[in-house]
Amino acid sequence: MPQTRPQVQIPTPAPTPAPAPVQAAPLPLPLPVTGFAGRDEIRAVLLAPLSGPYAAWGQAMSNAAQLALFDVADQRLNLIPLDTKGTPEGALLALEQARTQGADIILGPVFSAEVKAVAPQARQWGIPLVSFTTDRTVLGQGVYTLGFLPESQIRRVVTHARDQGKQRFALLARSDEYGQAVAEAFRTVVPQMGGQVTKVEYYDPQAKDISQQVRRFTEADSRTRGRDRKDASPVPPPPFDAVMIADEGTRLRTVSSLVTYYEVDIDKTPILGTMLWDDPRLAAEPSLQGAWFAAPSAESYAEFERRYASAFGSRPPRAGTLRASLAYDATALAATLVRQNLDYSAATLTNAGGFAGIDGLFRLRADGTNDRGLAVRQIAKSGLTDIAPAPTSFAQPGM
């Protein structure tokens, strides 16, 4: 492991090649000292798939948690990794072990089915659980998540679009659980940001050809009806100022290409996305040039990757919204509260001022969901770049 470094409280851009590690920020307002003053040991249990098909992910999360423990914790915090095997049954067995070992807080598990399995028992035992799921249906009553939920991503990128004068927003989403979750958040967030939802449509992610759905969505026929082929004047704009596409990878490239094919000028009508777009390979897609999406700041995460690689010999895996940094931030949160002699009560965990971590500002909400302060990133041939910084406070507009 690397040698001890001075701690920082709020992450800032690194002025040197080896900046101090990022940690959960102290609470901005004093809270009653209740749980940990005078205690010699506090136990945090990490539930992760340390064996089975997801073992590489579980080990990466365990490694990241150990890194946070080294960076942030004092000697009173004991981190105990337990194997869920990536299954509901394994998660339940691990939870039983966690209780036997006197867990004060549980970090994890990762997958929705695991959280569904352990949440009722954790609630009954009164052990707070900070999971990494993106399934909001399993949250609440002492079960939280640090997972990247659609609401914060949509709020950040829509706020940026509103700042550029965009008013009418449309969504084209795949018709699966993820697409439905994005649509629900989209319908809620856009009006909150002063925008108007003009269209929400879905397409079958398994379909071989979705051209007709996209053609209908863009209203290309009505906008081009009666035009002479030699007419070089601009085609009338679509019934929206910005369009969000809730998809990723090859299918995203197909959908965005169809959107531009059906007479949507992306220079005037920007394409918006979610954190699933945090993929350098998208820089080669012509139809996504200039597109915006919300994600954690690249600089902070890149520094985490470098430090992780230095400690463990390889960079942590990353796929979509699943990152080892979630385990780092959860452990740093648990450690910071111990250092401050606070506790893991709901009042402490849901402090409105939030915390700062590897992936930026975050705060847990009473319903178990979270708010995140994200950057706006842009896709260009040269790569993905931050064009609007992540906020440094939840008091900033749009948060």
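We're numbering straight along the sequence, starting at 1. Worth saying up front: this structure is predicted, and the values here are computed from it rather than measured.
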Check against salt bridge (charged side-chain N to carboxylate O under 4.0 Å, His left out), Asp74 and Arg339: CA-CA 6 Å; Asp74 64 25; Arg339 290 177 69 95; 5.4 Å; no
Within a reach of under 6.0 Å around [atom1] of [X], are more than 12 heavy atoms found that belong to other residues, nucleotides or ligands?
X	atom1	result
Glu177	CD	no
Glu41	CD	yes
Gln75	CD	no

Taking all non-hydrogen atoms of both residues, which atom of [X] and which atom of [Y] are closest, and how far apart?
X	Y	result
Ala298	Asp386	N-OD2, 3.5 Å
Gly290	Gln378	O-NE2, 3.4 Å
Ala324	Met61	CA-CG, 4.2 Å
Leu46	Ala65	CD2-CB, 3.9 Å
Leu146	Val130	CG-CG1, 3.9 Å
Leu326	Asp359	N-OD2, 4.2 Å

When you measure from the side chain of [X] to the backbone of [Y], do you find a donor-acceptor pair of N or O atoms at a distance under 3.5 Å?
X	Y	result
Arg223	Thr218	yes
Arg76	Ile42	no
Arg156	Leu374	yes
Arg174	Gly179	no
Asp329	Ile358	yes
Ser297	Ala390	no
Gln101	Ala103	no
Asn370	Gly147	yes
Ser256	Leu252	yes
Gln153	Phe293	no

Basic-acidic side-chain contact under 4.0 Å: Arg216, Glu201: yes
Cationic N near anionic O, under 4.0 Å, Arg168 to Asp241: yes
Short side-chain donor-acceptor distance under 3.5 Å, Thr274 and Glu248: no
Any donor-acceptor N or O pair under 3.5 Å, side chains Thr133, Asp135: no
Residue pairs fulfilling salt bridge (Lys or Arg N to Asp or Glu O under 4.0 Å) with at least one residue in residues 48-60, sequence neighbours excluded: none
Partner set under ring-ring contact (aromatic ring centres under 6.0 Å, His included) for Phe169, not counting sequence neighbours: none
ring-ring contact (aromatic ring centres under 6.0 Å, His included) against Tyr344, all qualifying residues, sequence neighbours excluded: Phe36
Minimum side-chain heavy-atom gap [X]-[Y] below 4.5 Å:
X	Y	value
Arg372	Arg363	no
Leu384	Trp277	no
Leu47	Val45	yes

Residues Arg99, Glu96; criterion salt bridge (charged side-chain N to carboxylate O under 4.0 Å, His left out); working and verdict: CA-CA 5 Å; Arg99 189 194 187 199; Glu96 292 280 357; 5.7 Å; no
Pairs satisfying ring-ring contact (aromatic ring centres under 6.0 Å, His included), at least one member in residues 110-162, at least two apart: Tyr54-Phe111, His160-Trp292
Listed once per pair and sorted, the ring-ring contact (aromatic ring centres under 6.0 Å, His included) pairs that draw on residues 179-215, sequence neighbours left out: none
Non-neighbouring partners of Glu89 that pass side-chain contact (heavy atoms from CB on, under 4.5 Å), sequence neighbours left out: Thr87
Gap separating the CG atom of Leu139 from the NZ atom of Lys116, nearest 0.5 angstrom: 11.0 Å
Aromatic ring pairing Phe304/Tyr328, orientation class (parallel under 30°, perpendicular over 60°, tilted between): perpendicular
side-chain contact (heavy atoms from CB on, under 4.5 Å) assessment of Val235 paired with Asp265: CA-CA 9 Å; Val235 173; Asp265 184 348; over 6 Å; no
Test of ring centre spacing under 6.0 Å for Phe240 and Phe217: yes
Stepwise side-chain contact (heavy atoms from CB on, under 4.5 Å) test for Met244 and Val190: CA-CA 11 Å; Met244 174 169 281; Val190 170; over 6 Å; no
